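Input: a single structure, listed below in structure tokens.
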Amino acid sequence: MRRIAVVGAGQAGLQFALGLVADGYEVTLVAERTPEQVRGGRVLSTQAMFGPALRIEAAAGLDLWADRAPAVSSVDAVLVAPPAVRALEFTMTLDEPAQSVDQRLKLAGWLELLAERGARVEYRALDREGLHELARRHELTVVAAGRGELAGIFDRDAGRSPFDRPQRNLSCLYAHGVDAPDPAAGPRARMHALPGLGELYLQPALTHSGPCSVLLWEALPGSPLDVFGDDPAPDVRLDRIRALLGEYLPWEAELWTAAEPTDAGAGLSGAVTPTVRRTVAELGSGVDAVHVLGLGDAVVVNDPITGQGANSAARAAEACRRAVVEHGDAPFTADWMCRTAERFWQQHARHAVGFTATMLTMPDHLQGVFAAAAEREEVARRLANTYAEPSDHAAWLATPDLTAAYLAPQGTAP
């Protein structure tokens, strides 16, 4: 039985480890926090899992909350012109429903499931020396920790990293009591774009205490929306949210009259520099040298504006699991690691990076897509499903010429 170590207990690391256990591998996973600590801590992210990622989870028997999490089939989008004018509106329909599960609930449950299924789970922090020792004792070591010291072991790939600083300052809040504009329409996500200021996303989700709403501000640094840098407590965060909504999105403010934070850990602030890192790192030297493979946020970090983080992590974990199985009994060399990572970059990751960069920079041709989406349902649907399958970005959104060809009368077929 081949021995594989996984470092990191996020979407990618846990899904990868659970898949390997099901395939018959001997797996050791190193996590910094116990399930109880994860459940009782602050929210970890916002997330909307789209159809392809949900199908991967379902096939692996990991969709433990599928019957409780709201199924979201459409996104109501509004382009807002000052002062608080709904200048453009359209609805984006997904081919497959999306779902969002609070990662405190999800990752804690997966940690417990991993131990139940026979993996060795070690709760401790690792530095470079500890990682080196772990890798020497295993045939393959995969690092799926996107934060902390270990994230720095993978060098930044300047040629593939589109930015060198955060493009948005982020604030999220999980809340109960947020009303829906049309309750009879079922769960729907909402997106507001405020040119020169940022974006607001609202996602129906599931948390410990049941269905909730997840709000995410994507504020341009220094803009009037950028007021959460002190990482306020959930009740203070909610007061600021109400003030912003009242000034910039009064129709949304009306829906927040009875809102309250879901719990004491319901808020989070931060900023992300979208970054691509080299996927293989060498530890030690000479006869003690070992190589480790990066996975998920350890090597590709996207701003959450397109919801690609957890989705790309799920797809990366599945691609890596399949590559391990297909490799049979052959050694896991640095060359194999590079080829495995490059295959996933070409098939998926580069498209998620490109799509996210387009949405962050809002080029003129993308604004033309929004205008067309307000007039043509098929354009709005294709935009929605590019979130689910970002490889389509290269076919119609990547350049002005591609977009113009698609929007022309003869180019309306998806």
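No experiment lies behind these values; they were computed from the predicted model shown. For the numbers below, each heavy atom of this structure counts, side chains included, while hydrogens, waters and symmetry mates do not. The chain is numbered in sequence order, starting from 1.
A donor-acceptor pair under 3.5 Å is absent between the side-chain atoms of W217 and the main chain of E199, judged by distance alone. One N or O on the side chain of N385 and one on the backbone of R381 form a donor-acceptor pair closer than 3.5 Å. T257 contributes a side-chain N or O that, together with a main-chain N or O of E254, makes up a donor-acceptor pair within less than 3.5 Å. A donor-acceptor pair under 3.5 Å links the side-chain atoms of H365 to the main chain of L397, judged by distance alone. In terms of modelled atom types and a separation under 3.5 Å, the side chain of N311 and the main chain of F50 share a donor-acceptor contact. D23 places no side-chain N or O within 3.5 Å of a backbone atom of Y25 that could act as its donor or acceptor partner. Here the side chain of H132 pairs a donor or acceptor atom with the backbone of D288 at under 3.5 angstrom. Side-chain atoms of T34 come within 3.5 Å of backbone N or O of Q37 as a donor-acceptor pair. Between the side chain of H208 and the backbone N or O of L105 there is no donor-acceptor pair closer than 3.5 Å. In this structure a side-chain-to-backbone donor-acceptor pair under 3.5 Å is present from Q99 to A69.
Looking at L245 and P250, their side chains never come closer than 4.5 Å, going by heavy atoms from C-beta outward. Side-chain contact check for I153 versus L131: some heavy-atom pair is nearer than 4.5 Å. Using a 4.5 Å heavy-atom threshold, the side chains of D164 and T273 count as separate. Side-chain contact between V353 and V300 is present, with heavy atoms from C-beta onward closer than 4.5 Å. When side chains are defined from C-beta on, F154 does not count as touching V280, because their heavy atoms never get closer than 4.5 Å. A 4.5 Å side-chain heavy-atom check between W110 and L18 finds at least one atom pair inside the cut-off. Using a 4.5 Å heavy-atom threshold, the side chains of L238 and P261 count as touching. Annotation: side chain of V75 is not in contact with side chain of T91 (no heavy-atom distance under 4.5 Å).
Taken from CG in L215 to OG1 in T46, the straight-line distance is 10.0 Å, to the nearest 0.5 Å. Rounding to the nearest 0.5 Å gives a distance of 10.5 Å between CG of L249 and CZ of R190. With rounding to the nearest 0.5 angstrom, the CG atom of L107 is 7.0 Å from the CD atom of Q11. The CD atom of Q47 sits 5.0 Å away from atom CD of Q103, with the distance rounded to the nearest 0.5 Å. To the nearest 0.5 Å, the span separating OG1 on T356 from NE2 on H393 amounts to 8.5 Å. Atoms CG and CG, on L29 and L111 in that order, are 6.5 Å from each other to the nearest 0.5 Å.
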Q. Can you check side-chain contact (heavy atoms from CB on, under 4.5 Å) on S312 and H348, steps first, answer last?
A. CA-CA 8 Å; S312 288; H348 177 81; 3.0 Å; yes
Q: Decide side-chain hydrogen bond (donor to acceptor under 3.5 Å, both in side chains) for H192 and W251; before the verdict, give the C-alpha distance in whole Å, the side-chain angles of both, and the deciding distance to 0.1 Å.
A: CA-CA 11 Å; H192 296 83; W251 57 89; 3.2 Å; yes
Q) Does the pair E218 and L170 meet the rule for a side-chain contact (heavy atoms from CB on, under 4.5 Å), with working shown? A) CA-CA 5 Å; E218 290 256 348; L170 310 171; 3.4 Å; yes
Q: Give the C-alpha distance, both sets of side-chain angles, the deciding distance and a yes or no for side-chain contact (heavy atoms from CB on, under 4.5 Å) between S171 and L268.
A: CA-CA 6 Å; S171 175; L268 189 66; over 6 Å; no
**Q.** Intermediate values then yes/no, side-chain contact (heavy atoms from CB on, under 4.5 Å), V80 and L88
**A.** CA-CA 7 Å; V80 182; L88 198 67; over 6 Å; no
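Listed by chain and number, the residues in a salt bridge (Lys or Arg N to Asp or Glu O under 4.0 Å) with D263 are R104 (sequence neighbours excluded). With sequence neighbours excluded, no residue forms a ring pair (Phe, Tyr, Trp, His ring centres under 6.0 Å) with Y201. Listed by chain and number, the residues in a side-chain hydrogen bond (donor to acceptor under 3.5 Å, both in side chains) with R242 amount to none (sequence neighbours excluded).
Heavy-atom neighbours of R86 CZ from other residues, nucleotides or ligands within 6.0 Å: above the threshold of 12. Residue-environment remark: CZ (R124) exceeds the threshold of 12 foreign heavy atoms within 6.0 Å. Crowding of E129 atom CD: a count of heavy atoms from other residues, nucleotides or ligands under 6.0 Å not exceeding 12.
Taking the six-membered ring for Trp and thresholds of 30 and 60 degrees, Y387 and F355 have ring planes more than 60 degrees apart, a perpendicular arrangement.
What you find for P52 and R315 is that their closest heavy atoms are CB-NH1, 3.5 Å. The minimum heavy-atom distance between R343 and A323, with the atom names listed, is NH1-CB, 4.3 Å. Residues A135 and V290 approach most closely at CB-CG2, 3.8 Å, considering heavy atoms. When all heavy atoms of Y248 and P224 are compared, the pair lying nearest together is OH-CB, 3.1 Å. Taking both residues in full, the closest heavy atoms of A384 and M92 are given as CB-CB, 3.4 Å, listed atom of the first, atom of the second, then distance. C212 and T207 make their closest contact through SG-CG2, 3.8 Å (heavy atoms, listed as atom of the first residue, atom of the second, distance).
Taking the charged nitrogens against the carboxylate oxygens, E326 and R321 have no contact shorter than 4.0 Å, which rules out a salt bridge. The pair E133-R137 counts as a salt bridge, with a side-chain nitrogen and a carboxylate oxygen less than 4.0 angstrom apart. Contact check on R382 versus E377 returns no salt bridge, with no Lys/Arg side-chain nitrogen under 4.0 Å from an Asp/Glu carboxylate oxygen. In this structure, D76 pairs ionically with R188, as a charged nitrogen and a carboxylate oxygen lie closer than 4.0 Å. The existence of a salt bridge linking E318 and R55 is excluded, since no basic side-chain nitrogen approaches an acidic carboxylate oxygen closer than 4.0 Å. Salt bridge annotation for D226-R168: absent, with no cationic side-chain nitrogen under 4.0 angstrom from a carboxylate oxygen. Ion pairing between K106 and D102 fails under the 4.0 Å rule for side-chain N and carboxylate O. By the 4.0 Å N-to-carboxylate-O rule, R240 lies close enough to D230 to be salt-bridged with it. Ionic pairing of R120 and E26 is not present here: no N-O contact between side-chain nitrogen and carboxylate oxygen is shorter than 4.0 angstrom. R160 and E342 are joined by a salt bridge, as a carboxylate oxygen and a charged side-chain nitrogen come within less than 4.0 angstrom of each other.
S161 and R277 are not linked by any side-chain donor-acceptor pair at a separation below 3.5 angstrom, with hydrogens and angles left out of the test. With 3.5 Å as the limit, one finds a donor-acceptor pair spanning the side chains of R350 and Q346. Counted by atom type alone, T279 and W345 present zero donor-acceptor pairs between their side chains at under 3.5 Å.
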